[in-house]
Amino acid sequence: MRKPDIRKKRIGDQSVTFYRYNTVIVGAGAAGMNCAVHLYEFMKQKGVENPQDRIAVLTAGLGLGASRMSGSDKQTYYKIGTSPDVPDSAEEFAKSLTAAGCCHGDSALIEAIGSLREFYHLVQAGVPFPTDSMGTFIGYKTDNDPYERATSAGPKTSRFMSQCLQKQLERYGVEIHDEQELAHLLTWHGLPGREPITGKMPVPQRIIGVVTVDKKSADQTNHAINIFFGANIVLAAGGPGELYKTSVYPKGQLGIHGLAFKAGLTGANLTESQFGLASIKFRWNVSGTYMQAIPRIFSTDVEGKDEKEFLTGFFPSMSKMATDIFLKGYQWPFDPQRIENLQSSLIDVLVFNETQKGRRVYMDFLHNPTGSDSMDEFSIDDLEPEAKEYLQKAGALQKTPIERLAYMNTPAIEIYKENGIDLYSEPLEIAVCAQHNNGGFAVDKWWQSNIPQTFIIGEMAGTHGVKRPGGSALNAGQTGGLRATEYIVNVYGCELPDYSDKHSEIDRQLSDIITGFEQYKSSSGLDPEEILEEIRSRMTASGGHIRELNDAQKALKEAVKLYKGIQQKGFNSKDAKAFITAIQAEHLALASVAYLKAVVELLEQGSGSRGSHLVLTHDGIGIHPDVIDKATNKPLKFKPENQSLRNSILQIEYDESSPDLFKSRTIELRPTPTDRKAFEPAWMDYREGKIYNS
Ligand SMILES: Cc1cc2nc3c(=O)[nH]c(=O)nc-3n(C[C@H](O)[C@H](O)[C@H](O)COP(=O)(O)OP(=O)(O)OC[C@H]3O[C@@H](n4cnc5c(N)ncnc54)[C@H](O)[C@@H]3O)c2cc1C
């Protein structure tokens, strides 16, 4: 029977509940769940008694987060190739991860080496990755993937991952604390920490615990505050989805970036978010077979009238236009290096251009693309070889897109049906949406952050570079959890922490939080929903897939002003729900400052268009006279990538005294290790625990 270590104490007018664990994991997505499973297993293998009592998983909602709620036609898991006849290696895999720059070589190699171990861990947990009759896990090609390393358990791969891992945790008896909204990370500045960027802000020696508000019972008077102390803290709270207005992140996916910055964690590569085409009524990526089925893409006015084949004017032939639509399947993220010469990301630009005119864009699966008078009729035979051969090989030669989609991937139709959209009878509204952050927080090769004993995994960890192969996010999330837990168990141990000598500092921080919550009930305070809306609109307009220096600088100033305004005025939250929204709005406001600061810094370094964003400049490359820059009403021109920046990573740290609230620096990339030891000395290093020192 479980014996949780729980205490209660009154601080101010609040009753606060304290829990104590060896490791507290924030986030119950695929990354957090996997981390908890590994931790339990490692502890058990070490002979630790009742590991389940030493681990806690916290989440704002078990049903929330990208893993639970997001996907695509066949959501991809990227791993080392498992084809019986195509050789692959970890070094080659790492090269694919680092190819477009700004990615550390050591973590890329580790993600490669760990990929099969983690993939089979998921298979053992019950994730239904398909095999053939010989047991081969069959691969396919995904974006930025030169091999066929991708596999999928269908549209809901990441949901299956987190569900299967949750079942395993339940079998192990590990407690998942549901409906815990994160409000603060408790820090301890006992000894000097690592060197901060500015030399002014002391970096905390430790994050010793996590403060949450229990959404099940919190209201404006009883804040239902829980404290989860941990010797080790693992942050797996996902990407900052709610930062953007036009977004395919699931609703309610906040992340905890603002709180993490405030606690002293270092951000890395924050500028490298991914954007791409997604449906907006039900938030879902329209990658893979949705595009490979080659639907007609058209626009209407706001009321759904005045249908227009808006793509046709930009393409010389039906063959080129239809092939580009097809290629969007596995060239899914918007990529500024795939615009010129009629490449597939021209489609994203044109969709965006159309929505900027106030029109709505749809995919119609009942009809093939419709051309202009000067174009031939759609025919699969006329497609360019890559598209034609793919469809021939897949046997997808049916007459209409819906038939081809149904033939290639029925679950891709069913997922919309489950969410109230019938692709057999209605078109699908789409937009260019924020989808993923390749950046996040800096970690070392054990996924330890700049603060010892705090680890960061999953989408919160900024291990990806400028581009990443589709599916590598899920792999990185699993590998990171494996590495963090191995380090925790073998270096920091499995004991519960003793913070009895830190009571006065802990009480001080808690009193500050409770006083801060009082400010959430100010009649002259700000409306938290309106603040969230303001943040999202600004981020989509100025920190999204189209960026321009003057505009970003202005947006940064506004974001700083907003955050400072929140500090001064507080919120006017009228009920329990608004109280939670106020907590979220405060830290999301700080996160938006961090992201915009990174955008401005990179632009000031002379960066150009790279990854998944376009940098505008008056003397850049034009796309087409009809593709207009909304700000200037002139043809949109973009700056090509500044490749000299590929060998560095932009880092960001919170600094209250700085005018922008953040300071930045640029660091060099860690190389991909090439030293290989013979078995015997490597075995000795392993036995003696030296592998954790190097
Ligand atoms: C539409 C879409 C399609 C995608 N397709 C792919 C794909 O094909 N392949 C691929 O590799 N990746 C894909 N991704 C990315 C991938 O799904 C995510 O990066 C990954 O699932 C993130 O997992 P995670 O465990 O790090 O975070 P999440 O799954 O997002 O989980 C975050 C957890 O933290 C909790 N949390 C968040 N904020 C708070 C808070 N403030 N307080 C308390 N708890 C909080 C959440 O409730 C949740 O439990 C896709 C993403 C989207 C949006």
Side-chain angles (χ1 to χ4, degrees), residues 25-35 57-79 142-143 150-159 161-162 165-166 176-185 210-213 215 234-242 244 247-260 274-279 282-288 330 332-333 415 433-438 440 456-461 464 468-478 480-481 580 583-584 586-588 591:
I25 300 167
V26 179
M33 292 292 198
N34 182 57
C35 177
V57 178
L58 320 178
T59 173
L62 254 177
L64 299 177
S67 308
R68 278 298 160 120
M69 295 175 76
S70 299
S72 58
D73 76 309
K74 46 186 191 301
Q75 198 189 15
T76 301
Y77 192 92
Y78 191 77
K79 48 151 189 49
T142 171
D143 35 76
T151 188
S152 174
K156 303 177 196 168
T157 303
S158 60
R159 184 179 308 179
M161 285 165 64
S162 57
L165 292 163
Q166 182 186 337
I176 301 172
H177 297 264
D178 200 5
E179 299 206 42
Q180 302 298 313
E181 188 69 37
L182 223 73
H184 181 70
L185 295 170
V210 165
V211 181
T212 69
V213 166
K215 293 195 285 186
V234 180
L235 302 181
E242 287 287 349
Y244 303 93
S247 170
V248 63
Y249 277 99
K251 288 210 162 128
Q253 172 49 34
L254 254 307
I256 54 168
H257 288 60
L259 298 173
Q274 279 194 332
F275 302 86
L277 293 173
S279 57
F282 162 55
R283 292 181 169 194
W284 205 248
N285 274 9
V286 290
S287 53
Y330 50 74
W332 180 79
I415 184 85
C433 295
Q435 185 245 9
H436 182 265
N437 192 198
N438 282 357
I456 302 181
I457 62 168
E459 192 170 332
M460 256 193 99
H464 305 290
R468 64 173 177 87
S472 58
L474 291 176
N475 176 60
Q478 302 300 285
I580 299 294
I583 296 174
Q584 300 173 338
E586 180 166 356
H587 66 79
L588 209 65

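Position 1 is the first residue of the sequence, and the numbers go up from there. Numbering of ligands and ligand atoms starts at 1, following listing order.
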Reported [atom1]-to-[atom2] distance for the pair [X] and [Y], which is rounded to 0.5 angstrom:
X      : Y      : atom1 : atom2 : value
Ser287 : Lys74  : OG    : NZ    : 8.0 Å
Thr151 : Lys79  : OG1   : NZ    : 5.5 Å
Glu179 : Glu181 : CD    : CD    : 10.0 Å
Ile583 : Leu182 : CD1   : CG    : 9.5 Å
Glu459 : Leu474 : CD    : CG    : 9.5 Å
Ile256 : Leu588 : CD1   : CG    : 12.0 Å

Sub-4.0 Å atoms of ligand 1 with respect to non-hydrogen atoms of [X]:
X      : value
Glu181 : 40 (C), 41 (N), 42 (N)
Ala30  : 25 (O)
Ser70  : 1 (C), 2 (C), 52 (C), 53 (C)
Gly458 : 26 (O)
Ala31  : 25 (O), 26 (O)
Ser67  : 20 (C), 21 (O), 22 (C), 23 (O), 24 (P), 25 (O), 28 (P), 29 (O)
Ile256 : 40 (C), 41 (N)
Leu64  : 47 (O)

Nearest protein heavy atom with distance in Å, relative to [atom]:
atom                    : value
atom 42 (N) of ligand 1 : Leu182 N, 3.2 Å
atom 1 (C) of ligand 1  : Asn285 OD1, 3.3 Å
atom 38 (N) of ligand 1 : Gly255 N, 3.0 Å
atom 26 (O) of ligand 1 : Glu459 N, 2.9 Å
atom 37 (C) of ligand 1 : Ala237 O, 3.2 Å
atom 43 (C) of ligand 1 : Gln180 O, 3.2 Å
atom 45 (C) of ligand 1 : Ala60 CB, 3.7 Å
atom 30 (O) of ligand 1 : Ala66 N, 2.8 Å

With a 4.0 Å cut-off on heavy atoms, is Ala236 in contact with ligand 1? yes
Any Gly470 heavy atom less than 4.0 Å from ligand 1: no
Test your reading of the structure: does [X] have an N or O sitting under 3.5 Å from an N or O of ligand 1?
X      : answer
Pro250 : no
Gly71  : no
Thr76  : yes
Tyr249 : no
Leu474 : yes
Thr59  : yes

Distance-only, no hydrogens or angles: does the [X] side chain make a donor-acceptor pair with backbone N or O of [Y] under 3.5 Å?
X      : Y      : value
Ser67  : Ala30  : yes
Gln253 : Ala237 : yes
Gln180 : Asp178 : yes
Asn34  : Gln478 : yes
Asn438 : His464 : no
Ser247 : Tyr249 : yes

Would you call the rings of Phe275 and Tyr244 parallel, tilted or perpendicular, where under 30° means parallel and over 60° means perpendicular? perpendicular
Relative to atom 5 (N) of ligand 1, which among Met33, Met69, Gln75, Arg283 owns the nearest non-hydrogen atom?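 Heavy atom nearest to atom 5 (N) of ligand 1 belongs to Gln75.
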Closest to atom 51 (C) of ligand 1 by heavy-atom distance, out of His436, Met161, Gln435, is Gln435
Dump the intermediate steps for side-chain hydrogen bond (donor to acceptor under 3.5 Å, both in side chains) on Arg68 and Gln166, then the final yes or no. CA-CA 11 Å; Arg68 278 298 160 120; Gln166 182 186 337; 2.5 Å; yes
Quick one: closest heavy-atom pair of Trp284 and Val248, and the distance?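 Of all heavy-atom pairs spanning Trp284 and Val248, the closest is N-CG2, 3.3 Å.
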